[in-house]
Amino acid sequence: MTTLTDQAPRGGRSPALRALAFALPAVAALALLAFVSLLVGVSDVSVTTLLRLFSHNDDDLATQVLVASRVPRTLALLLAGSAMAVAGLLMQMLARNHYVEPTTMGTAESAGMGMLIGILWWPDMPVFGKMGLAAVFALAGTALFLAVLSRIRLRSALIVPLVGLVLSGVIESATTFIAYRFDLMQAARSWMTADFSAIVQGRYEMLWLSLGITALAMLAADRFTVAGMGQDFATNLGLNYKRLVAQGVLVVAVVTASVIVTVGIIPFVGLIVPNLVRLVVGDNVRKSVLWVAWAGALMALACDLIGRVVIAPYEIPIGTVMGVLGSAMFLALLLSRRKRMGG
């Protein structure tokens with residue numbers, strides 16, 4: 001006779017309970033870092049200041065700093081980190097390579113060139129216009145990368161990111177030359193390294209668009225998983241492979257453009273985070289996409305906090321911190337891959 005105990009899965013807990021056991025500490029860790037982000041800074045903001053928000057008392061300076069600067073900055077970190085991580089995961093599935101992301105395949109550099117062209121031709125362009133132009137250039141840069149990739153027969157794991165880095169260097173060099181020619185080097189440098197110190201109320205709201213686009217990508221996670229298995233496999237399942245790739249590239253372009261227009265280029269988030277999550281969850285986008293978004297937000301918050309406390313009261317831009325830590329983690333991933341393959 002079969003009992004309820006006999007029918008229970010091994011380990012004594014259902015999959016839903018096991019997922020909840022992982023999700024609760026993850027949410028708690030993210031909430032803790034977000035809470036610390038609200039308190040860290042030059043201005044004195046305490047837990048009492050946070051409690052005063054609920055009493056609608058915004059007369060004192062600390063409350064004004066919290067509302068106008070700390071809360072927008074923390075929200076921007078959460079939105080930008082999660083969006084860039086998901087964009088990196090999506091691009092890795094479409095390129096069928098685990099070592100590409102928007103900053104290593106020309107997408108981010110193309111968006112920066114679009115912003116520079118916008119400053120030259122339409123200096124009074126509104127923010128949404130700049131984002132639209134940057135998205136168009138990012139779309140063109142990503143399409144160029146995929147076109148070059150399709151002509152390479154030897155597509156080893158390291159050849160693909162190498163091609164992307166070469167393409168990124170060419171586009172960035174062209175952007176730097178144009179900026180130098182028209183005396184816009186300072187403007188160009190402002191978005192080449194991400195910095196959240198200037199984020200205040202009214203200057204981060206465009207990132208909510210990236211959240212919406214990222215949510216749409218999450219809903220189509222199963223389709224992008226199939227697209228990552230190749231054109232023949234997707235076609236046999238009745239899916240339009242080219243349309244899926246175009247949709248994925250559009251998502252990556254819009255997300256990258258919105259982040260760069262708001263805070264600048266954030267390196268390595270889309271490269272490191274999906275690979276770390278993949279080691280635990282696997283290649284299924286549907287299962288990993290929420291964890292990738294969580295880990296991207298967590299990494300952005302952690303790197304920003306490091307930049308704020310290392311040389312306080314001054315700050316190190318998050319792009320610099322992310323570049324140092326991300327490059328070290330990337331080398332560790334490459335070395336671990338070589339060890340697993342017995343190299």
Handout entry: Value rounded to 0.5 Å, distance of CG in L149 from CG in L94
Key = 11.0 Å

Exercise for the section: Taking the side chain as every heavy atom from C-beta outward, state whether Y99 and V160 have any pair of such atoms under 4.5 Å apart. Expected result: no

Practice task
Working to the nearest 0.5 Å, report the span between CD1 of I265 and CG of D195.
Solution key: 13.5 Å

Handout entry: Hydrophobic cluster identity match, W121 and M185, side-chain contacts under 4.5 Å
Key = no

Practice task
Decide yes or no on side chain to side chain contact (heavy atoms under 4.5 Å, CB included) for N240 and L244, but give the supporting numbers first.
Solution key: CA-CA 6 Å; N240 190 324; L244 278 175; over 6 Å; no

Fill in the blank from the handout: The reported gap from CE in M91 to OG1 in T104 (rounded to nearest 0.5 angstrom) is 9.5 Å

Practice task
For residues T262 and R203, determine if any side-chain heavy atom of one lies less than 4.5 Å from a side-chain heavy atom of the other.
Solution key: no

Fill in the blank from the handout: Heavy-atom closest pair (G326 atom, I272 atom, distance to 0.1 Å) is O-CD1, 3.6 Å

Exercise for the section: Search all heavy atoms of G81 against all heavy atoms of V269 and return the closest pair with its distance. Expected result: O-CG1, 3.6 Å

Problem - Heavy-atom side-chain proximity of V249 to L146 below 4.5 angstrom - result: yes

Exercise for the section: Report yes or no: does S168 contribute a side-chain atom to a donor-acceptor pair with the main-chain N or O of G106 at less than 3.5 Å? Expected result: yes

Could you go through residues 314-324 and list every donor-acceptor pair under 3.5 Å that involves a side-chain atom there, pairing it with any protein atom two or more places apart or in another chain?
| unit_1 | atom_1 | unit_2 | atom_2 | d |
| --- | --- | --- | --- | --- |
| E315 | OE1 | R73 | NH1 | 3.4 |
| E315 | OE1 | R73 | NH2 | 2.8 |
| E315 | OE2 | R73 | NH1 | 3.1 |

Exercise for the section: May I ask you to decide if F268's main-chain N or O and E101's side chain share a donor-acceptor pair within less than 3.5 Å? Expected result: yes

Problem - Hphob cluster co-occupancy, L184 + Y180, side-chain heavy atoms under 4.5 angstrom - result: no

Fill in the blank from the handout: What one should report as the nearest heavy-atom pair of S210 and L79 is OG-O, 4.4 Å

Practice task
With rounding to the nearest 0.5 Å, note down the distance linking CG in L133 to CZ in F128.
Solution key: 15.0 Å

Handout entry: Distance (rounded to the nearest 0.5 Å) between L116 CG and F177 CZ
Key = 12.0 Å

Handout entry: Sub-4.5 Å side-chain heavy-atom contact between L271 and M84
Key = no

Practice task
Find out whether M115 and L120 are in side-chain contact, i.e. whether some heavy atom of one side chain is under 4.5 Å from a heavy atom of the other.
Solution key: no

Problem - Polar contact flag, side-chain donor to acceptor under 3.5 angstrom, R278-Q92 - result: yes

Exercise for the section: Report yes or no: does E205 contribute a side-chain atom to a donor-acceptor pair with the main-chain N or O of G202 at less than 3.5 Å? Expected result: yes

Exercise for the section: Give a yes or no on whether the backbone of S37 and the side-chain of R308 come within a donor-acceptor separation of less than 3.5 Å. Expected result: yes

Practice task
Supply the atom-to-atom distance F145 CZ to I171 CD1, rounded to the nearest 0.5 angstrom.
Solution key: 10.5 Å

Problem - Residue pair W294 / S82, side-chain heavy-atom distance below 4.5 Å - result: no

Practice task
Please tell me if the side chains of I306 and L325 come closer than 4.5 Å, counting only heavy atoms from C-beta onward.
Solution key: yes

Practice task
Find out whether N275 and M329 are in side-chain contact, i.e. whether some heavy atom of one side chain is under 4.5 Å from a heavy atom of the other.
Solution key: no

Exercise for the section: Apply the side-chain contact (heavy atoms from CB on, under 4.5 Å) test between P72 and each candidate in V67, L77, I199; give the one that qualifies. Expected result: I199

Completion exercise
V261 and M131 have their tightest heavy-atom pair at CG2-CA, 3.7 Å

Handout entry: Same apolar cluster (I L V M F W Y, side chains within < 4.5 Å links), V27/L30
Key = no

Exercise for the section: Give a yes or no answer on whether the side chain of T256 reaches the backbone of A253 with a donor-acceptor pair at less than 3.5 Å. Expected result: no

Fill in the blank from the handout: Nearest heavy-atom approach of A293 to M218 is CB-CE, 3.7 Å

Fill in the blank from the handout: Heavy atoms of A174 and M113 approach each other most closely as CB-CE, 3.7 Å

